[in-house]
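What follows is a single structure, written as structure tokens, with notes after it.
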Amino acid sequence: MTLRLLFEEIRSNIQKISNDLGYPTVEFDISEASKPEFGDVSCNIGFLLAKPLKKRPSEISESVANEYQKHKGEFVSKITVHPSGYLNFVANYETLARSVMQSSTEQNYGQFNVGNNTKIVVEHTSVNPNKALHIGHVRNIIIGDTVARILHKACYDVQVLNYVDDSGLQVADIIVGFKYGGFAKEPLQNQKFDHYCGDVVYVSITERYEKEPSLAEKRAIVLKELEEGSSEMAKFGDEITRRVLEEQLKTCWRLGVTYDCLNFESQIVRSRLWTTVLEKMKSMGIIYLENEGKNVGCWVIKSDSEVEEDKILIRSNGIATYIAKDIPYATWKLGILEDPFYYKHYAMQKNDRILWETTLENTGTKLNFTGDTVITVIDSRQSRLQKIITKIISDFKSKGKQYTHLGYESVTLSSDTAKTLNLETGGKSVQMSGRKGLYVNADYVLDILGVKTYEEAKKRNPELDEVTLVKIAEQVAVGALRYSMIKQDLDKIITFDMAESLSLEGDTGPYIQYAHARSMRILEKAGKTPDFNVSFDNLNTEHERNLVKTIGKFDMHVEDSAKNLSPKMIARYCYDLAVSFNSFYEHIKVLTAESPEMINARLCLVWSFKETLVKALSLLGIDAPARM
RNA sequence: GGGCCUGUAGCUCAGCUUGGACAGAGUGCUGGACUUCUAAUCCAGUGGUCAAGGGAUCGAAGCCCUUCGGGCCCGCCA
């Protein structure tokens with residue numbers, strides 16, 4: 001097992017001692033010591049009892065320590081009291097090392113049961129299928145994918161959805177471009193179709209609306225025809241959006257992201273879901289038909305507060321608004337209503353994960369992609385709308401169902417990067433805009449990163465063949481991008497700078513991957529599998545102990561990360577693990593250690609590290625190449 | 001006007017949920033370490049009134065209040 005055992009042992013012993021001494025019950029903390037010289041684990045019980053017992057914290061800690069000395073347990077070797085009042089513990093490293101290292105070789109090491117196999121749905125990506133994915137979408141995708149991976153590790157039964165908004169205005173725009181704007185259906189050269197639609201057709205056509213009112217009129221007509229499912233226009237729209245989607249998904253797969261099911265908005269609109277939900281909301285009195293005032297003739301959600309406006313769900317012309325389309329989808333995700341869809345196979349993804357799509361045609365296949373908890377990953381500019389949806393869902397009072405909006409701040413472009421897109425911002429960063437062509441495509445970033453990582457890998461490993469080098473370069477490029485999107489807090493804006501994103505040193509994905517490559521090299525050169533059935537008494541330098549401890553913390557970080565829906569905690573852990581290893585690597589020789597026993601023990605440690613890092617990195621969707 | 005987020009080293013950020021021991025990284029800058037398991041590395045130095053003020057507490061970067069700065073959202077757009 002892991003460091004968790006050490007913590008739990010100390011906790012239960014102190015609880016018992018405190019009871020035996022007749023102390024009042026307090027919620028004391030067992031935490032990692034803040035500095036190595038204090039030991040490994042600290043307890044603050046002295047501070048908490050100081051007031052009720054009218055004694056100095058150190059005095060109380062002293063009494064507890066005296067009792068503790070009598071039966072130290074399996075994992076503690078030393079107890080000390082710091083003058084400040086803290087009660088500090090030093091681990092029994094031999095026991096700890098054996099315990100940690102043996103469990104680290106298990107297949108499911110790091111797993112921790114938070115979810116109890118509860119069904120949970122994560123929806124992310126959900127990009128309009130009229131353009132390529134840009135760096136802002138990547139943050140959404142990587143957060144969603146990482147959270148899904150972590151929840152899976154924390155024993156949730158996870159399904160991942162991607163909502164395809166194929167019936168909106170943005171789609172109409174590119175259709176106008178093809179039908180009336182004079183754009184050829186095929187891009188020139190080898191341009192990806194999604195890049196063509198977004199970078200060329202979409203940007204130009206929105207620019208032309210201003211000068212050509214006739215085009216803008218066409219848009220309204222196209223939009224209307226798109227919503228009528230059987231029209232020629234709808235068929236054409238379907239063909240185009242599917243081609244864009246296909247290209248978008250290639251980018252997602254390139255990033256190591258996979259899904260379980262694609263939901264098409266057009267189908268939700270045409271299905272009976274919408275009318276059912278509408279009736280339900282009407283009958284429950286959640287929405288009202290406005291008889292007077294500026295919203296006359298609209299179905300609205302009444303606002304609770306004075307200052308907030310009522311929210312219109314159905315316009316006076318009978319057409320639903322943007323937010324209205326999200327409500328039936330939310331109920332579908334939670335499985336509140338009967339599922340109107342059939343399912344068909346869309347694609348086979350890596351690791352044999354099948355990607356399904358919804359369909360209204362009777363394929364005979366019924367599947368279930370719903371969950372008791374739904375997590376919708378959307379940037380926090382949508383917080384207001386998401387709050388309304390959450391409220392409506394909770395009004396439905398379906399037992400045990402929970403709708404959660406996982407928000408995050410947006411990605412902006414640095415002033416320098418904006419300048420390369422011909423926008424002078426005067427040193428300020430700027431919000432991206434698909435409409436204005438102000439964005440950096442994900443594929444482009446990966447390509448540029450790939451060139452750099454390829455050159456590096458080739459320089460370091462001239463003997464490797466081309467195919468291997470290209471693969472390593474791509475893995476490192478993806479690692480760099482994914483890590484940069486996840487290491488920061490969700491509430492912090494990421495200012496994307498092209499030049500800066502090419503720096504691969506320090507707190508980056510490649511730094512962590514490099515630690516793995518180093519460990520692999522040692523194991524490779526050792527030429528044998530280490531024997532774990534030995535004593536690890538000899539691993540007694542600070543570097544070795546520190547590495548053992550860090551390895552042993554994996555499951556605690558999985559638990560925290562899952563409970564807080566905080567992917568950065570795992571990023572942080574991967575970095576800490578790599579730092580521990582690199583420090584070990586620089587100071588401790590493995591293959592040239594003084595005795596065969598020492599070599600074996602250190603090889604075990606390297607092996608444990610490697611196994612743990614690979615598992616932790618896989619939660620971030622980052623591959624760990626053996627060479628780089 | 002209302003709501004959400006944010007302010008910690010020159011720059012980018014951890015730490016804040018759950019208050020406690022001298023406030024940590026990366027980057028930058030200065031210097032050092034490759035005939036050695038890959039230097040995408042390591043080691044040392046440099047660098048901070050934790051935006052400001054007040055409050056409760058034995059104790060605040062953290063909790064509460066006020067103020068100031070920055071971002072975002074408040075449409076019969078999506």
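In what follows, chains carry the letters A, B, and so on, assigned in the order in which the sequence lines appear, proteins first and then strands, with residues in each chain numbered from 1.
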Note to self: Taking any heavy-atom pair under 4.0 Å as a contact, classify A/A517: base, sugar-phosphate, or nothing.
What the structure shows: base
Next item on the list: Would you mind reading off the distance between A/Q386 atom CD and B/rC5 atom C1', rounded to a whole angstrom?
Entry: 16 Å
Notebook entry, point to check: To the nearest angstrom, how far is A/K428 atom NZ from B/rG69 atom C1'?
Noted result: 12 Å
Note to self: In whole Å, I'd like the distance from the CG atom of A/D491 to the C1' atom of B/rG70.
What the structure shows: 15 Å
Check: Within this structure, what is the CG-to-P distance between A/D497 and B/rC13, rounded to whole angstrom?
Finding: 12 Å
Next item on the list: Quick one: list whatever passes salt bridge (Lys or Arg N to Asp or Glu O under 4.0 Å) with A/R518, sequence neighbours left out.
Entry: A/E586
Notebook entry, point to check: Would you find a donor on one side and an acceptor on the other, under 3.5 Å apart, between the side chain of A/S18 and the backbone of A/Q15?
Noted result: no
Note to self: What contact category does A/N564 fall into here, base, sugar-phosphate, or nothing, at under 4.0 angstrom with non-hydrogen atoms?
What the structure shows: base
Next item on the list: Please work out which residues in residues 403-410 of chain A have a non-hydrogen atom less than 4.0 Å from an atom of RNA chain B and list them by number.
Entry: A/E409
Check: What is the distance from CG of A/D489 to P of B/rU8, rounded to the nearest Å?
Finding: 14 Å
Notebook entry, point to check: Between the main-chain N or O of A/L620 and the side-chain N or O of A/R482, is there a donor-acceptor pair closer than 3.5 Å?
Noted result: yes
Notebook entry, point to check: Salt bridge between A/K452 and A/E455, side-chain N to carboxylate O under 4.0 Å?
Noted result: no
Next item on the list: Can you sort out the partners of A/R11 under salt bridge (Lys or Arg N to Asp or Glu O under 4.0 Å), two or more places apart, ordered by chain and number?
Entry: none
Notebook entry, point to check: Rounded to the Å, how far apart are A/L547 CG and B/rC42 P?
Noted result: 14 Å
Check: Considering only the C1' atoms, how many Å lie between B/rC58 and B/rG31, rounded to the nearest integer?
Finding: 45 Å
Next item on the list: Could you tell me whether the phosphate oxygens of B/rA39, OP1 or OP2, come under 4.0 Å of any side-chain nitrogen or oxygen in A/K459?
Entry: no
Check: Taking protein heavy atoms under 4.0 Å as touching, what does nucleotides 73-78 of chain B look like 5' to 3' if B marks base contact, S marks sugar-phosphate-only contact and - marks none?
Finding: BS-BSB
Margin query: Holding to salt bridge (Lys or Arg N to Asp or Glu O under 4.0 Å), I want the full list of residues that pass it with A/K55, two or more places apart in sequence or in another chain.
Written below: none
Next item on the list: Specify the separation, in whole Å, of atom CG of A/N582 and atom C1' of B/rA39.
Entry: 10 Å
Next item on the list: Show your reasoning for whether salt bridge (charged side-chain N to carboxylate O under 4.0 Å, His left out) applies to A/E290 and A/K302.
Entry: CA-CA 10 Å; A/E290 192 64 75; A/K302 288 283 186 198; 3.0 Å; yes
Quick one: side chains of residues 590-599 of chain A, donor-acceptor pairs under 3.5 Å with protein atoms, not counting sequence neighbours, listed by atom name and distance.
residue, atom, partner, partner atom, Å
A/S595, OG, A/M598, N, 3.0

Item checked: Derivation of the salt bridge (charged side-chain N to carboxylate O under 4.0 Å, His left out) call for A/E207 and A/R435 -> CA-CA 8 Å; A/E207 206 179 286; A/R435 201 169 283 275; over 6 Å; no
Margin query: Can you check the distance between B/rC50 and B/rG24, where both ends of the measurement are the P atom (answer in whole Å)?
Written below: 14 Å
Notebook entry, point to check: Does the side chain of A/Y163 come under 3.5 Å of the side chain of A/E265 through a donor N or O and an acceptor N or O?
Noted result: yes
Next item on the list: Send over the distance from A/H516 NE2 to B/rU38 C1', rounded to a whole Å.
Entry: 14 Å
Item checked: Residues A/Y483 and A/D507: side-chain donor-acceptor under 3.5 angstrom -> yes
Next item on the list: Apply side-chain hydrogen bond (donor to acceptor under 3.5 Å, both in side chains) to the pair A/Q248 and A/K131, showing each step before the final yes or no.
Entry: CA-CA 8 Å; A/Q248 288 180 341; A/K131 56 173 167 288; over 6 Å; no
Could you write out each protein N or O paired with an N or O of nucleotides 34-37 of chain B at a distance under 3.5 Å?
residue, atom, partner, partner atom, Å
B/rC37, O2', A/Y585, OH, 3.4
B/rC37, O2, A/L591, N, 3.4
B/rC37, N3, A/V590, N, 3.2
B/rC37, N4, A/Y585, O, 2.5
B/rC37, N4, A/I588, O, 2.3
B/rC37, N4, A/K589, NZ, 3.3

Next item on the list: Mind checking which stems touch RNA chain B? I mean at least 3 consecutive Watson-Crick or G-U pairs, both distances under 3.5 Å.
Entry: B:1-7 with B:68-74, B:10-13 with B:24-27, B:28-33 with B:41-46, B:51-55 with B:63-67
Note to self: Roughly how many Å apart are B/rC64 and B/rU27, using the C1' atom of each and rounding to a whole number?
What the structure shows: 36 Å
Notebook entry, point to check: Which residue pairs satisfy the side chain to side chain donor-acceptor pair (under 3.5 Å) criterion with at least one member in residues 24-36 of chain A, sequence neighbours excluded?
Noted result: A/E32-A/K553
Note to self: By nearest atom, which of the nucleotides B/rU18, B/rU38, B/rG71 is closest to the A/D29 side chain?
What the structure shows: B/rU18
Notebook entry, point to check: Is there a side-chain hydrogen bond (donor to acceptor under 3.5 Å, both in side chains) between A/Y439 and A/S433 once you walk through the steps?
Noted result: CA-CA 6 Å; A/Y439 52 82; A/S433 161; over 6 Å; no
Margin query: Looking only at side-chain N and O atoms, does A/D310 offer a donor or acceptor that is under 3.5 Å from a partner on A/Y288?
Written below: no
Next item on the list: Would you confirm whether A/H516, through its side chain, and A/P625, through its main-chain N or O, come within 3.5 Å as a donor-acceptor pair?
Entry: yes
Item checked: Separation of the P atoms in B/rU8 and B/rA61, to the nearest angstrom -> 15 Å
Margin query: Please classify the nucleic acid contact of A/N44 as base, sugar-phosphate, or nothing, using heavy-atom distances under 4.0 Å.
Written below: nothing
Checklist line | Base versus backbone protein contacts along nucleotides 55-61 of chain B [heavy-atom cut-off under 4.0 Å; B, S, -] | finding: ---S---
Note to self: Could you check whether A/S266 and A/D166, counting side-chain N and O atoms only, form a donor-acceptor pair closer than 3.5 Å?
What the structure shows: yes
Check: In terms of the nearest nucleotide of RNA chain B, which residue is placed more toward the 5' end: A/L504 or A/K492?
Finding: A/K492
Next item on the list: With C1' as the reference atom in both, quote the distance from B/rC22 to B/rG59 in angstrom, rounded to an integer.
Entry: 15 Å
Notebook entry, point to check: B/rG47 and B/rC65: how far apart are their P atoms, nearest whole angstrom?
Noted result: 37 Å
Checklist line | Pairwise P distance, B/rA60 and B/rG2 [rounded to whole Å] | finding: 32 Å
Note to self: For a quick check of understanding: with a heavy-atom distance under 4.0 Å over all strands, which category does A/V579 fall into, base, sugar-phosphate or nothing?
What the structure shows: nothing
Item checked: Contact summary for A/S167 and A/K325, nearest pair of heavy atoms -> OG-NZ, 4.0 Å
Note to self: In terms of relative ring orientation, are A/F581 and A/F584 parallel, tilted or perpendicular, with 30° and 60° separating the classes?
What the structure shows: tilted
Next item on the list: Rounded to whole angstrom, note down the C1' distance from B/rU57 over to B/rC63.
Entry: 10 Å
Next item on the list: For the residue pair A/F47 and A/Y86, categorise the inter-ring angle as parallel (less than 30°), tilted (30 to 60°) or perpendicular (more than 60°).
Entry: perpendicular
Notebook entry, point to check: Base, sugar-phosphate, or nothing: which does A/E500 touch, judged by heavy atoms less than 4.0 Å apart?
Noted result: nothing
Margin query: A/K610: which residues meet the salt bridge (Lys or Arg N to Asp or Glu O under 4.0 Å) condition with it, sequence neighbours left out?
Written below: none
Next item on the list: Could you encode protein contacts along nucleotides 21-31 of chain B as a string, one character per nucleotide from 5' to 3', using B for base contact, S for sugar-phosphate-only contact and - for no contact, with a heavy-atom cut-off of under 4.0 Å?
Entry: BB-SSSS----
